[in-house]
Amino acid sequence: MTENAWTRWPSREALGREGISRPRRMIARAVRLLVIAILLWGAFNTSHVQGWGAVAAAAGVVVVAVVSWAFFRTTYAHRLLPSLALISVLLGIAVAAQATGFKGPALVIWCGCGISALERLPLGAALPVASVALASYSAVNNDVWLTTAATVVGMALAGYVLRLDAEARGSAQRLLAQERAARAAEAESAALAERARIAREIHDVLAHSLSAQLVHLEAARLLIERDADREQILERVVAARGMARDGLAETRQALSALRGELTPLEDFLTELVSAADGAEVTVTGERRVLPVEASQAVRRVAQEALTNVRKHAHGAKVRVLLDYSDHEVTLNVRDSGGRPGELTGAGAGYGLLGMRERAELLGGSLEAGPDEEGFVVTLKVPA
């Protein structure tokens, strides 16, 4: 529900000092010093001010300064009754000053109350206070009525213009705070996304590498239990060592990818299938540089698909197809089928679920399943 304009306070940002430029702060201080100087000059430039009268006049100036400061604090805290009480005290001091012959200070106090009320109080309270203050000024001022009327209108407009300026500054401060909060939230979100990407890359490399090593080490264990030939056992150990070496190379490659130093995708796939017997790569469409996330998804899915072929279709021929279309890139890994290895259930790697999650994070899709001959993995990602 919209707040009533007559009861709405100027915002605390508008009533505070934040957002005020240094020149404006210096001008505001100069105005306050000028007002105090006028009050002091008016208090002591009166013929009847002598002895205790001078002390009373000085005390009155101090009281006006203290009450004015308190009024500024209570309005900043949006406390209506204390603010009205304090400005009433100021109006009363002005009446007392006028009654005791201090006309100049009384006029200054009335003008200040009228302008400050319009600037800092809700309009429903500001208008009556300003009316009383400016009417008192008009009644006491000895200028011709036209000059007095112009002065009153000018002071009323000045108070309202100061109010509008303060509210505009307060709105700017709120917008600036919201923008800073939005930027901080955006930076935090970007940092979290980057951390998730790094964690995903490291996980994928380790899952792929360690899974492959586990396959060969498990095979070596089974061969040892069966008292197999030493050459067969050594072959598995050497293969595990090779997988460890490849895992280290993949880790370095992942770190290079995080730094934006990726090798061309076609070269990566060619090198990947060169280590597999009976594998070939075909690239169709117009080749182009892919976004880092899309390129990494293709690389990881290709690695996992070939690992699964080695685990579940030993000796199968593999055809890898990379197709560039207008708005997406498609990776198709198809094997011809082979005999299941005796280590089909060994190890726990990235798996189809992880590959599908990676594709969906990019707005793509992944399909995996058997066909007429073997097993097919198809990845599509926007690019």
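The model shown is predicted, which means the values in this text are computed figures rather than measured ones.
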Derivation of the side chain to side chain contact (heavy atoms under 4.5 Å, CB included) call for Leu84 and Leu121 | CA-CA 9 Å; Leu84 292 176; Leu121 289 174; 4.2 Å; yes
Could you walk me through whether Val298 and Phe268 pass side chain to side chain contact (heavy atoms under 4.5 Å, CB included), step by step?
-> CA-CA 10 Å; Val298 173; Phe268 173 83; over 6 Å; no
Kindly give the heavy-atom pair with the smallest separation between Leu123 and Tyr160, and that separation in Å.
-> CD2-CE1, 4.3 Å
Would one find more than 12 heavy atoms of other residues, nucleotides or ligands at under 6.0 Å from atom OH of Tyr324?
-> yes
State yes or no: do Leu379 and Leu362 share one hydrophobic cluster built from I, L, V, M, F, W and Y residues joined by side-chain heavy-atom distances below 4.5 Å, directly or via other members?
-> yes
If you group Ile, Leu, Val, Met, Phe, Trp and Tyr whenever their side-chain heavy atoms sit less than 4.5 Å apart, what else falls in with Leu176?
-> none
Are the side chain of Ser189 and the backbone N or O of Ala185 linked by a donor-acceptor pair below 3.5 Å?
-> no
Where the side chain of Arg334 meets the backbone of Val376, is there a donor-acceptor pair that is under 3.5 Å apart?
-> no
If a pair satisfies side chain to side chain donor-acceptor pair (under 3.5 Å) and one of its residues is in residues 83-95, list it, with sequence neighbours excluded.
-> Thr74-Ser83
Residue pairs involving residues 152-164 (criterion salt bridge (Lys or Arg N to Asp or Glu O under 4.0 Å); sequence neighbours excluded) = Arg163-Glu167
Sequence-distant partners of Ile115, side chain to side chain contact (heavy atoms under 4.5 Å, CB included), two or more places apart | Met155, Leu162
Decide, yes or no, whether a salt bridge links Glu218 with Arg221 under the criterion of side-chain N to carboxylate O below 4.0 Å.
-> yes
Qualifying residue, where the test is side-chain contact (heavy atoms from CB on, under 4.5 Å) with Ser171 and the options are Arg174, Arg169, Gln173 = Arg174
Taken to the nearest 0.5 Å, the spacing of Phe72 CZ from Ser116 OG works out to 4.5 Å
Set of side chain to side chain contact (heavy atoms under 4.5 Å, CB included) partners for Val89, sequence neighbours left out = Val67, Ile93
Provide the full list of side chain to side chain donor-acceptor pair (under 3.5 Å) pairs with a residue in residues 124-136, sequence neighbours left out, each pair given once.
-> none
Under 3.5 Å, side chain of His78 to main-chain N/O of Pro10, donor-acceptor pair present?
-> yes
